[in-house]
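Data first, discussion second: the structure below is written as structure tokens.
All values derive from a computational prediction rather than experimental measurement. No hydrogens, no waters, no symmetry mates; every other heavy atom, side chains included, goes into these values.
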Amino acid sequence: MTAPIPSPPRSTGEAAAATVAGVAGRALGAAFATLAAVRRPHPVHPHGVVLHGEIRRTGSPLRTGIAWIDDAHPGPLPVLARASRSAGVPAPLPDVIGLAVRFDGPEGPADLELASTGAGWPWRFVLRAHRSPSRAHLHAILPYRSPSGPVLLAARTVAPADLPPYPEELAERLAAEPWRLELLVARPRGAWHRFGELELRRRPGPLDPLLRFDAGRRLLPGAREYEWAHRLRQPAYDRVQGE
């Protein structure tokens with residue numbers, strides 16, 4: 001699949017940010033390449049559980065200009081997901097919780113990647129470790145470029161409130177009852193607004209088959225990527241995934 005072309009810089013400030021991000025991105029890419037050489041197949045997010053479910057979108061009071069977020073949509077949207085512990089810290093010690101979600105969009109697969117952070121400004125841009133996935137505010141740290149400006153997406157658990165930290169126990173629990181999360185959208189400094197719900201469950205099969213997610217190459221329908229975000233994110237993804 002051809003990678004989406006990121007939007008060109010629209011200001012001197014954004015061009016400068018893209019230059020700085022490019023330097024940082026190359027450094028991150030080199031670091032991740034070293035990590036990939038010693039820890040396969042997942043240099044990061046090494047321990048996870050593959051899940052299935054659906055998204056239901058009810059519409060957002062915050063109008064972003066992205067119909068996928070703004071509008072109510074009839075019927076569920078099937079998804080494939082992976083919940084993971086990012087650094088591979090042994091459970092039950094706290095770790096950054098990751099959640100990657102894939103669905104079919106009008107132009108092909110789209111990925112949404114979230115990690116546990118704080119909720120308010122500026123902590124929504126700071127990774128935060130948790131023992132239980134239920135306690136994590138899961139956030140796409142890099143903003144999407146919308147027709148109305150930068151927007152952030154997040155997910156927060158509705159139920160159950162006590163998901164276990166161990167991947168095997170998490171899989172067993174989610175085979176018995178679904179993991180329900182509300183989907184949220186915000187401006188970088190703004191309040192969170194609900195626009196839908198994500199429900200995930202465990203199906204029979206391998207606990208953690210190899211899956212590759214890439215939110216930069218598989219953008220949400222109607223969203224674009226800032227040039228600085230592309231330069232910061234993509235070198236590490238390409239090194240890890242061998243592209």
Side-chain angles (χ1 to χ4, degrees), residues 1 32-33 35-56 76-104 108-117 127-141 153-183 197-218 236-243:
M1 178 179 177
F32 274 74
L35 187 59
V38 299
R39 190 160 72 176
R40 290 278 184 185
H42 294 296
V44 291
H45 302 276
H47 307 302
V49 178
V50 170
L51 305 166
H52 296 80
E54 61 266 345
I55 288 174
R56 296 180 183 273
L77 178 65
V79 301
L80 173 68
R82 182 176 185 261
S84 60
R85 295 171 58 82
S86 299
V89 177
L93 296 175
D95 199 349
V96 174
I97 306 299
L99 180 64
V101 180
R102 176 172 296 162
F103 59 89
D104 287 331
D111 290 349
L112 173 62
E113 294 181 280
L114 309 172
S116 57
T117 69
L127 295 174
R128 182 177 178 183
H130 292 273
R131 294 183 62 187
S132 169
S134 297
R135 301 293 299 264
H137 184 90
L138 299 164
H139 178 208
I141 296 177
L153 297 186
R156 184 166 50 203
T157 296
V158 175
D162 57 348
L163 287 173
Y166 297 95
E168 295 82 3
E169 292 183 6
L170 179 63
E172 183 177 351
R173 181 71 176 276
L174 295 181
E177 62 177 314
W179 184 12
R180 294 175 50 233
L181 306 100
E182 58 179 352
L183 295 174
E197 185 171 290
L198 171 64
E199 184 173 291
L200 299 171
R201 62 189 67 84
R202 173 71 182 151
R203 291 181 181 174
L207 178 70
D208 192 21
L210 181 60
L211 296 173
R212 298 293 196 190
F213 294 86
D214 190 335
R217 293 188 182 276
R218 304 185 189 96
Y237 275 71
D238 291 348
R239 291 293 187 93
V240 167
Q241 300 188 11
E243 298 179 10

(message) Within this structure, what is the OG-NE2 distance for the pair Ser116 and His139, rounded to the nearest 0.5 Å?
(response) 11.5 Å

(request) Output yes when a side-chain donor or acceptor of Arg131 lies under 3.5 Å from a complementary backbone atom of Ala91, and no otherwise. (result) no

(message) With rounding to the nearest 0.5 angstrom, report the CZ to CD distance, Arg156 to Glu182.
(response) 4.5 Å

(request) Please name all residues satisfying side-chain contact (heavy atoms from CB on, under 4.5 Å) with Glu172, sequence neighbours left out, ordered by chain then number. (result) none

(request) Provide the closest heavy-atom pair for Ser86 versus Gly98 in the form atom of the first, atom of the second, distance. (result) OG-N, 4.0 Å

(message) Can you confirm whether Leu138 sits close enough to Thr157 that some side-chain heavy atom of one is under 4.5 Å from a side-chain heavy atom of the other?
(response) no

(request) Identify, with sequence neighbours excluded, every residue that meets side-chain hydrogen bond (donor to acceptor under 3.5 Å, both in side chains) alongside Arg202. (result) none

(request) Not counting sequence neighbours, which residues clear side-chain hydrogen bond (donor to acceptor under 3.5 Å, both in side chains) with Arg128? List them please. (result) none

(request) State which residues pass side-chain contact (heavy atoms from CB on, under 4.5 Å) with Pro78; sequence neighbours excluded, sorted by chain then number. (result) none

(request) Can you sort out the partners of His130 under ring-ring contact (aromatic ring centres under 6.0 Å, His included), two or more places apart, ordered by chain and number? (result) none

(message) So which atom in Ala215 and which in Glu113 form the shortest heavy-atom distance, rounded to 0.1 Å?
(response) N-OE1, 2.8 Å

(request) Specify the closest pair of heavy atoms between Leu207 and Ala171, including all atoms of both residues, with the distance to one decimal. (result) CD1-CB, 3.5 Å

(request) Would you mind listing every salt bridge (charged side-chain N to carboxylate O under 4.0 Å, His left out) that reaches into residues 132-141, with sequence neighbours excluded? (result) none

(request) Quick one: pull up CZ in Arg85 and CD1 in Ile97 and give me the separation to the nearest 0.5 Å. (result) 5.5 Å

(request) Could you point out which residue of Asp208, Leu200, Leu210 forms a side chain to side chain contact (heavy atoms under 4.5 Å, CB included) with Val50? (result) Asp208

(message) Using the salt bridge (Lys or Arg N to Asp or Glu O under 4.0 Å) criterion, which residues pair with Glu199? Sequence neighbours excluded.
(response) Arg201

(message) Just verifying a value: how many Å separate Leu80 CG and Leu211 CG, rounded to the nearest 0.5 Å?
(response) 5.5 Å

(message) So, using salt bridge (Lys or Arg N to Asp or Glu O under 4.0 Å) as the criterion, who are the partners of Asp95 when residues are at least two apart?
(response) none

(request) List the atom of Leu77, the atom of Asp104, and the distance in Å for their closest heavy-atom pair. (result) CD1-O, 4.0 Å

(request) Could you grab the distance from atom CG of Asp111 to atom CG of Asp214, nearest 0.5 Å is fine? (result) 7.0 Å

(request) Quick one: closest heavy-atom pair of Ala140 and Leu114, and the distance? (result) N-CD2, 3.4 Å

(request) Is it possible for you to check whether Arg218 lies under 6.0 Å from the centre of the six-membered ring of Phe213, through NZ or CZ, and within 45° of that ring's axis? (result) no

(request) Would you please name every residue forming a side-chain contact (heavy atoms from CB on, under 4.5 Å) with Leu127, sequence neighbours left out? (result) Val96, Ala115, Thr117, Ile141

(message) Could you work out, with side-chain contact (heavy atoms from CB on, under 4.5 Å) as the rule, every residue matching Leu163, not counting sequence neighbours?
(response) Ser132, Pro133, Ser134, Pro160, Leu170, Arg173, Leu174, Trp179

(message) Does anything in residues 79-104 form a ring pair (Phe, Tyr, Trp, His ring centres under 6.0 Å)? List the pairs, not counting sequence neighbours.
(response) Trp68-Phe103

